[in-house]
K.L.:
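Take a look at the following structure, please.
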Protein chains: 2
Amino acid sequence: MGKTLRDTGKGAAATATAKLRHAGLRPTRQRVELASLLFKTCDRHVTAESLHDEVAGAGVKVSLATVYNTLHQFTEAGLLRQVIVDASRSYFDTNTGDHQHFFLESEGMLIDIPGETIAVAGVPAPPPGLSVDRVDVVVRVKRA
Amino acid sequence: MGKTLRDTGKGAAATATAKLRHAGLRPTRQRVELASLLFKTCDRHVTAESLHDEVAGAGVKVSLATVYNTLHQFTEAGLLRQVIVDASRSYFDTNTGDHQHFFLESEGMLIDIPGETIAVAGVPAPPPGLSVDRVDVVVRVKRA
DNA sequence: CAACGGATTAGAACGATTCTAAACTGTGAG
DNA sequence: CTCACAGTTTAGAATCGTTCTAATCCGTTG
Ligand SMILES: [Mn+2]
Ligand SMILES: [Mn+2]
Ligand SMILES: [Zn+2]
Ligand SMILES: [Zn+2]
């Protein structure tokens, strides 16, 4: 058995713990559990509720408040990024690099578009006193 | 006194009434009032609460529920468009044409960027079964 | 000037998120 | 290894934007 790209068993916890320590976050049971789920596979887009359901489904008990706390702490630590596409739910993205999204509103689904794929040209200089923080592109898609 | 670009006095109500009739909406006192405020000047970005405050400030009593109802009805009628840039508030835009936005989160301020100004190239074909509904660009800006 | 169906409204309800304050636990010192 | 403390978790309450309910109101049409 060779070493896979990402740990998926006991090793996941060790990886998550290291990641948390590196980010200056105490590796508590809950944070290790959530980090293991979030960073096990490559790119994920979760809501607080979807992650809460997922961790519960894995037989681990973590309160919803802790899921919210953790998502925000991970975001501040640069491990996640928040994506605003829907008026009623916040999404968190494990891909913190430069990229854009397809958004299928009817399913609440986000799909990554690599950063180099899309080029945004002609962004005017912002009004005096303001500077560009970042440019978000959301390609809203519909069924059929 | 010459005729100005937009009515700002008694004429505003007549203009608004015509606009409502044309959109198939009964011109009630509340809708005429709100339409007058919204379409008096060229382009506006409002939230339900900002519009509610504004109409109240003008000495007219309109319930918050009616403001919400009206914003949605105007949106369905194509008189407004909804803009999603903030996780906690919905914005409505009197500019329904093709254009993009600067968003200054700290002030909750939206600034239009004309549609021809920005070019988005390289949008990939959406996954099978999906079609592009529209492409939104949000240029998030910060102070200084 | 009815009378009818759509519109308005106060207030309750909702759903996502945040807060509170009390119980718990990772950590590092001793 | 144990203790103590600061940081963390949590249940439940609170917030807040938005939507719903069902009673009242009013624009339109005959
Ligand atoms: Mn939505
Ligand atoms: Mn915000
Ligand atoms: Zn993404
Ligand atoms: Zn606009």
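Chain letters run A, B, ... following the sequence lines, proteins first, then strands; residues in each count from 1.
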K.L.:
Counting the atoms with a prime plus P, OP1 and OP2 as sugar-phosphate, which does B/Arg26 contact under 4.0 Å by heavy atoms, base, sugar-phosphate, or nothing?
P.N.:
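B/Arg26: base contact, heavy atoms under 4.0 Å.
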K.L.:
Measure CD1/B/Ile84 against C1'/D/dG17 and give the value in whole Å, please.
P.N.:
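Result: 14 Å.
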K.L.:
Given that B/Arg29 and B/Glu49 both sit by DNA chain D, which one's nearest nucleotide is further toward the 5' end?
P.N.:
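First, find each residue's nearest nucleotide; the 5'-ward one identifies B/Glu49.
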K.L.:
Using side chain to side chain contact (heavy atoms under 4.5 Å, CB included), reason through B/Arg81 and B/Arg134 one step at a time and then give a plain yes or no.
P.N.:
CA-CA 12 Å; B/Arg81 122 182 191 203; B/Arg134 94 182 188 206; 3.4 Å; yes
K.L.:
Mind running a 4.0 Å heavy-atom check of residues 59-80 of chain A against DNA chain C and sending the residues that fall below it, in number order?
P.N.:
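When residues 59-80 of chain A is checked for heavy atoms under 4.0 Å from DNA chain C, the hits, listed by number, are A/Leu64, A/Ala65, A/Tyr68, A/His72.
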K.L.:
Can you check the B/His52 NE2 to D/dT18 P distance for me, whole Å?
P.N.:
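That distance rounds to 13 Å.
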K.L.:
So what does B/Ser90 hit on the nucleic acid, given a heavy-atom distance under 4.0 Å: a base, only sugar-phosphate, or nothing?
P.N.:
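Counting heavy atoms under 4.0 Å across all strands, the contact made by B/Ser90 is with sugar-phosphate only.
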K.L.:
Please report the shortest heavy-atom distance between A/Phe102 and B/Pro126, naming the atom on each side.
P.N.:
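For A/Phe102 and B/Pro126, the tightest heavy-atom pair comes out as CZ-CA, 3.7 Å.
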K.L.:
Given side chains that start at C-beta, do those of B/Gln30 and B/Lys61 come closer than 4.5 Å, heavy atoms only?
P.N.:
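A side-chain contact under 4.5 Å is absent here.
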K.L.:
Quick one, B/Val138 with A/Val135, criterion side chain to side chain contact (heavy atoms under 4.5 Å, CB included). Give me CA distance, side-chain angles, the key distance, then yes/no.
P.N.:
CA-CA 6 Å; B/Val138 178; A/Val135 178; over 6 Å; no
K.L.:
Taking the side chain as everything from C-beta on, heavy atoms only, tell me whether B/His101 gets closer than 4.5 Å to B/Asp112.
P.N.:
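In short, these two side chains touch, coming nearer than 4.5 Å.
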K.L.:
5' to 3' on DNA chain C, which nucleotides open and close the contacts with chain A (atom under 4.0 Å from a heavy atom)?
P.N.:
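First-to-last contact on DNA chain C, by the 4.0 Å heavy-atom rule, is C/dA16 to C/dT27.
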K.L.:
Mind calculating the distance between CG (A/Leu25) and P (D/dG7) to the nearest angstrom?
P.N.:
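Going from CG in A/Leu25 over to P in D/dG7 covers 13 Å.
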K.L.:
Please determine whether side chain to side chain contact (heavy atoms under 4.5 Å, CB included) holds for the pair B/Leu38 and B/Phe74, giving the CA-CA distance in whole Å, both sets of side-chain angles, and the decisive distance to 0.1 Å.
P.N.:
CA-CA 11 Å; B/Leu38 284 171; B/Phe74 284 12; 3.9 Å; yes
K.L.:
May I ask you to evaluate whether B/Gln30 reaches the phosphate of D/dC25, defined as a side-chain N or O under 4.0 Å from OP1 or OP2?
P.N.:
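For D/dC25, OP1/OP2 do not have a side-chain N/O of B/Gln30 under 4.0 Å.
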K.L.:
How about CD on A/Glu76, more than 12 heavy atoms from neighbouring residues, nucleotides or ligands closer than 6.0 Å, or not?
P.N.:
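It does not: A/Glu76 CD has 12 such atoms or fewer within range.
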K.L.:
With side chain to side chain contact (heavy atoms under 4.5 Å, CB included) as the criterion, how do B/Leu79 and B/Thr96 come out once you've worked through the C-alpha distance, each side chain's angles and the decisive distance to 0.1 Å?
P.N.:
CA-CA 7 Å; B/Leu79 267 34; B/Thr96 56; 5.8 Å; no
